[in-house]
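A short write-up of the structure that comes next.
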2 protein chains.
Amino acid sequence: MNPPSPQISRMEDVAREAGVARVTVSRALSHPDKVSPATRAAVRAAIERLGYVPNLTAGSLASKRSRIIGAIVPTLCNSWFADAMDGLAETLGAAGYQLMLGQSGYHIDQEAGLVEAFLGRKVDGLILTGVVHAPSVRERLRRNRLPVVEIWDMTDDPIDTVVGFSNLLIGEAVAGYLLQRGHRRIGFIGANEIRSGKRAQGLRQRLQAEGIGVAEATPVTPPSVIEDGARGLAELLALEPQLQAVFCSNDTLGVGALFECRRRGLQVPQDIAVVGFSDLAIAAACVPALTTVQVNSRELGRRAALVLLQRLGSAPAEEAAPSRVIDLGFQIIEREST
Amino acid sequence: MNPPSPQISRMEDVAREAGVARVTVSRALSHPDKVSPATRAAVRAAIERLGYVPNLTAGSLASKRSRIIGAIVPTLCNSWFADAMDGLAETLGAAGYQLMLGQSGYHIDQEAGLVEAFLGRKVDGLILTGVVHAPSVRERLRRNRLPVVEIWDMTDDPIDTVVGFSNLLIGEAVAGYLLQRGHRRIGFIGANEIRSGKRAQGLRQRLQAEGIGVAEATPVTPPSVIEDGARGLAELLALEPQLQAVFCSNDTLGVGALFECRRRGLQVPQDIAVVGFSDLAIAAACVPALTTVQVNSRELGRRAALVLLQRLGSAPAEEAAPSRVIDLGFQIIEREST
DNA sequence: ATGAAAGCGCTAACAC
DNA sequence: GTGTTAGCGCTTTCAT
């Protein structure tokens with residue numbers, strides 16, 4: 001791990017320097033109250049003098065607790081996942097845990113590989129994005145009884161715990177919103193990815209109940225860029241020239257759709273209404289400002305961390321009893337694009 | 001045959017199952033070519049049968065290589081850092097390394113704490129944001145001879161290696177750009193943070209050379225939000241009603257400044273020119289589109305990873321000889337706001 | 001309150 | 001090629 005270094009001191013050295021046994025140093029560090037103030041001071045001084053840094057790898061091996069939490073997100077370039085990791089890392093860090101981060105690239109088997117790697121690293125807990133995973137992953141994690149929090153979607157049957165919101169309900173809610181505003185010819189621009197698919201499904205279900213079909217653009221390969229949204233809208237207009245409203249599976253696509261409208265001289269929202277998802281800063285900043293579905297990513301990360309800490313017995317006292325399913329909900333933010 | 005073992009199997013168990021010694025299993029895993037195809041197969045089969053997952057903690061302790069890289073950024077909610085981490089994690093992951101992530105919250109001593117924690121975790125290498133660190137950090141890392149890459153700024157004297165761009169030169173370049181377009185009354189809206197300060201300094205230096213001063217808004221506390229930019233512009237206009245141009249230390253502030261202009265009926269760029277920094281998606285999407293300074297965050301992360309892998313001897317062959325200072329440069333992207 | 005003994009699960013020499 | 005012998009640096013019991 002460390003390249004040939006001058007002299008890294010071990011606990012043994014601290015013990016000698018302080019005139020105590022190794023265990024005493026260990027205790028002074030991990031259970032300070034189980035050591036007399038005098039020895040504690042002596043040990044602290046020795047540590048200071050030697051610039052001793054405890055080897056947590058050795059500690060983890062012996063104690064079987066790593067104080068590492070693994071988290072797997074599809075990608076960090078989507079700022080909603082980045083925000084969630086921000087909240088997660090902050091809360092975990094405050095509790096003395098470290099965050100090990102992996103990116104699945106939206107691939108379930110890349111996720112499975114990371115899970116295996118993290119299990120090998122002996123993480124104390126795991127955060128997984130979504131509720132759909134490789135079967136081996138579900139099974140192994142359940143057998144292990146490892147604290148796991150699935151985020152960013154909803155299910156009745158989590159591996160262990162889920163903290164998120166229902167993508168299906170979001171789709172339905174947007175459908176309801178658009179129906180209520182009198183739209184009938186509705187399109188969807190989404191990504192080739194599970195949770196986007198669920199939002200599409202929600203939209204479809206609700207509209208079907210009214211006997212309305214949905215025009216769907218070819219799903220884009222994530223991460224989405226603005227141009228994808230523009231292309232999507234063009235595709236939809238070719239399919240359905242009378243299009244009255246579009247639900248875009250994320251704000252980036254939404255902004256792209258707005259661009260394409262402008263390019264074609266279509267008035268938003270008069271000619272066509274646009275709804276996004278996730279409420280990025282860009283949604284409020286673009287013109288016309290984008291109506292969207294807001295979810296609080298940082299808070300989601302924070303809550304996920306708290307649930308994990310609770311399961312690990314290091315939770316801040318404030319938090320209540322553990323619940324296996326925590327639905328943080330969502331909110332439609334109405335702006336100029338509808 | 002055997003029901004899922006409640007016990008986690010160790011290398012010993014695999015060895016027994018395969019009828020070989022522990023080392024052989026170890027070798028089959030880490031140096032497959034040093035083991036006969038037959039035993040290799042036997043070992044693989046045993047591993048499969050037992051669902052064995054190697055304990056990398058134990059491995060790290062014994063081998064003194066953790067295959068973990070620590071990275072510290074101020075925060076992940078700024079998508080430029082998130083993008084860099086994305087590139088970093090992707091490249092490291094492909095080489096079999098795991099990323100341990102910490103957030104300094106822009107505080108040098110929080111960074112120092114994380115560095116210590118990471119050293120205790122025996123990371124094989126470290127990524128640090130910026131070139132200004134606690135003295136203890138510089139000294140300790142240098143003594144350790146730990147592979148370190150500083151990113152997101154430039155220096156002649158890195159702890160070990162630096163991969164980034166010069167924030168100072170960016171400030172100067174923006175000043176030059178604005179001067180060349182005939183602006184003389186120039187303002188700056190920045191954050192209360194080192195690298196933003198360097199961009200301000202660059203701007204100031206270059207303008208001073210022409211005998212021009214800079215109107216500076218009160219630095220905002222990061223992470224910046226759009227409203228900060230609006231407030232900043234208001235403050236500048238109070239200071240200097242004749243303001244002709246503003247350099248905003250990041251695109252979020254820039255968009256905020258654009259908002260405030262619109263609110264006041266100021267024409268951009270006719271009445272006032274606005275330049276941002278970092279080229280977020282929002283810069284291209286807002287109206288008028290924001291002229292900005294582009295840096296490629298993902299690529300920066302990727303390069304940092306490659307440098308680290310090189311120092312660790314696991315670099316993809318393609319990459320050339322190590323250089324301690326890698327300047328990736330920047331580019332002014334001209335849009336409608338100037 | 002402190003210490004002695006016994007590992008945690010793995011890898012690195014060095015033999016054979 | 002494969003096995004034997006020693007640890008890696010720390011945290012547990014369990015005594016004292």
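Throughout, a chain's letter reflects where its sequence line sits, starting with A, and its residues are numbered from 1. No experiment lies behind these values; they were computed from the predicted model shown. Atoms considered below: every heavy atom in the structure, side chains included; atoms not considered: hydrogens, waters and symmetry mates.
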Please identify the 5'-most and 3'-most nucleotides of DNA chain D with any atom under 4.0 angstrom from a heavy atom of chain B.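 That gives a stretch of dG1(D) to dG9(D).
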
Please enumerate all residues that pass side chain to side chain contact (heavy atoms under 4.5 Å, CB included) together with [X], with sequence neighbours excluded.
X	result
D157(B)	R138(B), R142(B), T155(B)
E299(A)	N296(A), R302(A), R303(A)
I194(B)	V132(B), K198(B)

Please report, to 0.1 Å, the donor-acceptor pairs under 3.5 Å made by any side chain of residues 58-67 of chain A, with sequence neighbours excluded.
unit_1, atom_1, unit_2, atom_2, d
S60(A), OG, L56(A), O, 2.7
S63(A), OG, G59(A), O, 2.9
S63(A), OG, R65(A), N, 3.3
S63(A), OG, R65(A), O, 3.4
S66(A), OG, I68(A), N, 3.2
S66(A), OG, K122(A), O, 2.6
S66(A), OG, D124(A), OD1, 3.4
R67(A), NH1, A95(A), O, 3.2

Just the rounded figure in Å: distance from [atom2] of [N] to [atom1] of [X].
X	N	atom1	atom2	value
L61(B)	dC10(C)	CG	P	12 Å
D13(B)	dC10(C)	CG	C1'	13 Å
N55(A)	dC8(C)	CG	P	18 Å

Only pairs under 3.5 Å count here: list side-chain donor-acceptor contacts from residues 105-120 of chain B, not counting sequence neighbours, and write none if there are none.
unit_1, atom_1, unit_2, atom_2, d
Y106(B), OH, N78(B), ND2, 2.8
Q110(B), NE2, Q103(B), O, 3.2
E111(B), OE1, H133(B), ND1, 2.8
E111(B), OE2, H133(B), ND1, 3.3
E116(B), OE1, R140(B), NH1, 2.9

With sequence neighbours left out, which residue pairs that include part of residues 77-104 of chain B fulfil the salt bridge (charged side-chain N to carboxylate O under 4.0 Å, His left out) condition?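 Output for this query lists D86(B)-R298(B), E90(B)-R298(B).
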
Salt bridge (charged side-chain N to carboxylate O under 4.0 Å, His left out): which pairs involve residues 92-104 of chain B, sequence neighbours left out?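 Output for this query is empty, none listed.
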
Answer yes or no: does a side-chain N or O of T24(A) lie under 4.0 Å from OP1 or OP2 of dG3(C)?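 Result: yes.
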
Pairs under 3.5 angstrom only: tabulate donor-acceptor contacts from the side chains of residues 15-34 of chain A to other protein residues two or more places apart or in another chain.
unit_1, atom_1, unit_2, atom_2, d
E17(A), OE2, R49(A), NH1, 2.3
R22(A), NH1, E12(A), OE1, 3.2
S30(A), OG, S26(A), O, 3.1

Test ring-ring contact (aromatic ring centres under 6.0 Å, His included) applied to F81(B) - qualifying residues, sequence neighbours left out: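 Applying ring-ring contact (aromatic ring centres under 6.0 Å, His included) to F81(B) gives W152(B).
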
Is the shortest heavy-atom distance from the side chain of T129(A) to the side chain of I72(A) under 4.5 Å?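 They are not in contact (no side-chain heavy atoms under 4.5 Å apart), so the answer is no.
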
So, are R44(B) and E48(B) salt-bridged, with charged N and O less than 4.0 Å apart?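 Between E48(B) and R44(B) there is no salt bridge, as every charged N stays at least 4.0 Å from the carboxylate O atoms.
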
Find every protein N or O atom lying less than 3.5 Å from an N or O atom of nucleotides 13-16 of chain C, and list the pairs.
none

Do any of residues 29-42 of chain A sit with a heavy atom less than 4.0 Å from DNA chain C, and if so which?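 Residues of residues 29-42 of chain A that come under 4.0 Å of DNA chain C are, in numerical order, K34(A), V35(A), S36(A), T39(A).
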
Residue whose closest nucleotide on DNA chain D lies nearer the 5' end, A58(B) versus S63(A):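 It is A58(B), whose closest nucleotide lies nearer the 5' terminus.
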
